[in-house]
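Letters A, B, ... mirror the listed sequences (proteins, then strands); counts begin at 1.
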2 protein chains.
Amino acid sequence: MNQALDALCINTIRMLSVDAVQKANSGHPGAPMGLAPAAYTLWTRFLKHNPRNPEWWDRDRFVLSAGHGSMLLYSMLFLTGYDLPLEQIKQFRQWGSRTPGHPERELTPGVETTTGPLGQGFGNGVGMAMAEAHLAARYNRPGFEIVNHFTYAIVSDGDLMEGVAAEAASLAGHLKLGKLIYLYDNNRISLAGATDLSFTEDCAKRFEAYGWHTLSVENGNDLEAIHGAIRAAREEQSRPSLILLRTHIGFGSPGKQDTFEAHGSPLGEAEVKRTKENLGWPLEPAFYIPKEAQTHFHAAISTGQKAEANWQEHFNAYREKFSDLAREFQQIMSGALPANWQASIPSFPADPKGLATRAASGKIIAALGTALPTLIGGSADLNPSTFTVLPKLGDFESPQRKFIDNQGSAGGDWNYAGRNIHFGVREHAMGATINGMAAHGGLIPFGSTFLIFSDYMRPSMRLAALMELGVIYVFTHDSIGPGGRADPPTGGAIGGASRHPASDRHSTRRRQRDFSRLADRDRKSLMSSGIGLEPPERTDSGA
Amino acid sequence: MNQALDALCINTIRMLSVDAVQKANSGHPGAPMGLAPAAYTLWTRFLKHNPRNPEWWDRDRFVLSAGHGSMLLYSMLFLTGYDLPLEQIKQFRQWGSRTPGHPERELTPGVETTTGPLGQGFGNGVGMAMAEAHLAARYNRPGFEIVNHFTYAIVSDGDLMEGVAAEAASLAGHLKLGKLIYLYDNNRISLAGATDLSFTEDCAKRFEAYGWHTLSVENGNDLEAIHGAIRAAREEQSRPSLILLRTHIGFGSPGKQDTFEAHGSPLGEAEVKRTKENLGWPLEPAFYIPKEAQTHFHAAISTGQKAEANWQEHFNAYREKFSDLAREFQQIMSGALPANWQASIPSFPADPKGLATRAASGKIIAALGTALPTLIGGSADLNPSTFTVLPKLGDFESPQRKFIDNQGSAGGDWNYAGRNIHFGVREHAMGATINGMAAHGGLIPFGSTFLIFSDYMRPSMRLAALMELGVIYVFTHDSIGPGGRADPPTGGAIGGASRHPASDRHSTRRRQRDFSRLADRDRKSLMSSGIGLEPPERTDSGA
């Protein structure tokens, strides 16, 4: 009986997605068809959420990184009772609807982050788990786990191929984010054909190398295997988990299952009919929702309301006992800034000697770190150059980590409460994870690198802009010509490049060519200004 | 005796680098000091090159991906007799010199590619090895291996952290590029501190997961271990090789070895002195080159001339036997285009129905594929959408690969002679590898994706521009507003987005907002033009 109900619910997801894509005459039906059992299992048996309050902030976060499979997410949101009525499903990909081709944060209730450009959702989820770990370390107290949620994502082969996901996975493994659980939709088909045309690596081994816990589900239709894997992933809290799920794109379609034709196009009327026949589904009406299925899915509403009420009760007790902490917690979750935070900002009186902008920036960041409990961030391995340290606020690292410094002695105590993040030489993951932290809520994250390396994280910056996320970028070393240097060196703090800029900005060859075209007079004035073609380099250590 | 000479030569590299950085009062001395033994072993015992003709095209390619360690490369070029006199070493990082802070292709003889932005050189090397594999498959004949060289690179922790390198490594493993050999400078120090602040993955395991052969050298000063590892890497021709080399940044500096202070700053006069004392090096003069060392290094000149002469003789015999092939080979290596290649380009008479630009582009690419033996490329998993296929010219895949299609039967014959490259969903690696192919010579590579995803490969595009490399980009789907769609759908071929653009270009939310601000008249005209805010989506399969 339960098995029959499970099957009915799963086919409801499949057919809703198929019908919506067919009606729109565009979209990606294959992924929702293959993933329906996994999504069903996760959403009905594990996901902590309240469809009636998508903003309840101790909810689990769910990210569909493979955003092109959007109808899967819309099906789950509609079926479990979010404010996304069937009419919106029927308006999939239509002008003015809340169901665009790819999920968009703030347009659709329950969509945590805008996804579509592959790899970004993967990185966002890592950021969400970082935010959860940080806030838990800051605000939880023994017996009071007011911050305690998982971050789940469904990721695709395309996500795993993107460099931004590789960077974020390495960072997540390093940080031992145990409450991060990803399901990899291993359907072996990409837009252009079989994935093994270009992607034959051993994904499980790669993620183990990053420090992840990996699990394998051989049959993506086996609910108990999926259930067992998710449970095991939840129990392993010392590492992030990747569940490799062997699925079949377009599952149930006699003519298109396991082909790239199920990837990015509607099945077509005839194939929709064959698929419904194959799965024992009524041919009419389209968008058919069996009553038993709807009832079963709607259990999420009362379950969610109860979960939030329980949490609220727990939080009330916490507030009784830790009133200052609770006040600060409520304030940061609301996004409000503390009173008088501006008072902390230092002013810089006119000074004939001048102050490098990055030096002034560093002083302001340091002051704001104290004034704003929500400020958190770091650089892509350039702290000594970008001056983006929050003094005395600790490093964001796993408490499990035993840091051994180069002299062989154990370093300081590490934990997730630290507010200086070491992103490593991973600009793109920095961009994607600070997006995830901002989307999670409760934090104002910042990321820093040299201006030119913003190119490495540009796709994430674009999404931050589209989502209007409150992230901050600190880009230094923005003059037009570092690399070579003027002779004699003039020293000083303006500009200055260090890590790899010689080839950056402008090649020496071209700069020399351009420079030789300048009139002598102009050349001299640029050279002496110290801010022209050849700014001096930093000579202090670390740059 | 030989060991003493080896040590003398290695310290020559170290001290030349130290003195040059010190004189410039800027630069990165630590990497050359740690890597000198590996560079010495590679360059004097293995590297096939002719310092007197850096353009000899069957030379091994060498890439210093960690471009900030440029003095290592300049030292090797100067010492082995390239046209880079000592005076240029003394002018390190000075205006007008050929020794800028980071190596630049075409500025300095022997520099194969511009490096500095981390990860790019890693990807370039993969492209060079792809070019070698392809040209070997096309032009070699039994007994005549006129194309037969290795691609070596020195890569750093920063390179391995970058997503572009992860993508390129996965692609190289998939393609089984056996003549690609990378040495990983595992010194455990990055610019901002110890790498284990952010980078604790198991690199060997990760590369094995990609399909690489990995070797470990525990002591980066152990010449015989380095020698053995390189030899084993050369013998393993069915997979790319990564040699993990435990080095010590700033080796020999009593005060700065193994610290980030040796990374990006001169040692300082006092520490230079202590280092020379420590290594038994004369304090004066700076830039001291022992005669025995110079003589030993200069053996590369005669060895190189002999190697090229042998190759030339071999090629002459090949030309006797395969005159047509030899003619074509000489032509493509010269970079000249075949006579009348333009005649193949189809023309498109005025047509009231119109033709999508990507469709016209596809026809031209197909025609040029036949006319130009050098044209090679593909897309980042978007062939069915970007129309960038070279018909009947085969897929660029390893001959070792047995492709099993979805029906379980073995696919076609695969080999490196194919000219359609499946880059996978790896835009950045696509950008970096086509740079490498162009830098290698003999090919005109192209890469394709949707315009907005050019953001993912932007750092590689910038380097292509700085190097003025002959790469071609085909970017389709460039209209301003795909994602949602106009209702009713209008069909047709212009624009149209498929993989993940809903969230792309412009969010639906913002587009709807912007759209609602338009006057009715403008709105109507945009809707009906089919090229305005809401272009129709492709409805054919594969998009």
Side-chain angles (χ1 to χ4, degrees), chain A residues 25-26 67-68 93-95 100-102 104 107 114 116-118 158 161 163-164 166-167 170 174 190-192 197-202 205-206 209-210 258 261 264-265 381 383 406 422 424-426 428 455-456 458-459 466 483-487 498-500 502-503 507-509 537 541 543, chain B residues 26 67-68 93-95 100-102 104 107 114 116-118 158 161 163-164 166-167 170 174 190-192 197-202 205-206 209-210 258 261 264-265 381 383 406 422 424-426 428 455-456 458-459 466 483-487 498-500 502-503 507-509 537 539 541 543:
Chain A
N25 202 23
S26 93
H68 57 269
R93 283 185 167 234
Q94 305 309 307
W95 183 254
H102 300 69
E104 296 188 23
L107 180 72
T114 295
L118 291 169
M161 279 189 259
V164 57
E167 294 178 12
S170 175
H174 168 78
S190 68
L191 188 144
L197 279 171
S198 59
F199 187 56
T200 47
E201 63 183 47
D202 181 340
K205 188 168 181 175
R206 170 155 73 105
Y210 292 138
D258 289 324
E261 291 177 80
S265 308
D381 192 44
N383 271 351
N406 291 300
H422 296 281
V425 190
R426 304 185 185 99
H428 208 163
D455 274 2
Y456 274 80
R458 194 174 161 100
L466 290 176
R485 60 179 300 159
D487 194 6
S498 50
R499 189 163 77 204
H500 21 199
S503 56
S507 74
T508 297
R509 184 159 54 105
E537 301 231 354
S541 73
Chain B
S26 96
H68 57 269
R93 282 185 168 234
Q94 305 308 307
W95 183 253
H102 300 68
E104 297 188 23
L107 180 72
T114 295
L118 292 167
M161 280 190 257
V164 58
E167 295 178 11
S170 175
H174 169 78
S190 67
L191 188 145
L197 278 172
S198 59
F199 186 58
T200 47
E201 63 182 48
D202 181 338
K205 189 169 180 175
R206 169 155 75 104
Y210 292 139
D258 290 325
E261 291 175 80
S265 309
D381 192 45
N383 271 350
N406 291 299
H422 296 280
V425 189
R426 302 185 185 100
H428 208 164
D455 273 3
Y456 274 80
R458 193 175 163 100
L466 289 177
R485 60 180 297 161
D487 192 8
S498 49
R499 190 164 75 203
H500 21 196
S503 56
S507 74
T508 298
R509 184 161 54 105
E537 301 233 355
T539 55
S541 73

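Contact record, B:A166 with A:A166: CB-CB, 3.6 Å, taken as the closest heavy-atom pair. Between A:H422 and B:S198, the closest heavy-atom pair is O-CB, 3.3 Å.
In this structure a side-chain-to-backbone donor-acceptor pair under 3.5 Å is missing from B:D455 to A:P459. Side-chain atoms of A:Y456 come within 3.5 Å of backbone atoms of B:L118 as a donor-acceptor pair (strictly under, hydrogens ignored).
Ranked by non-hydrogen atom pairs under 4.5 Å with chain A, the options B:H174, B:E167, B:R426 are led by B:H174.
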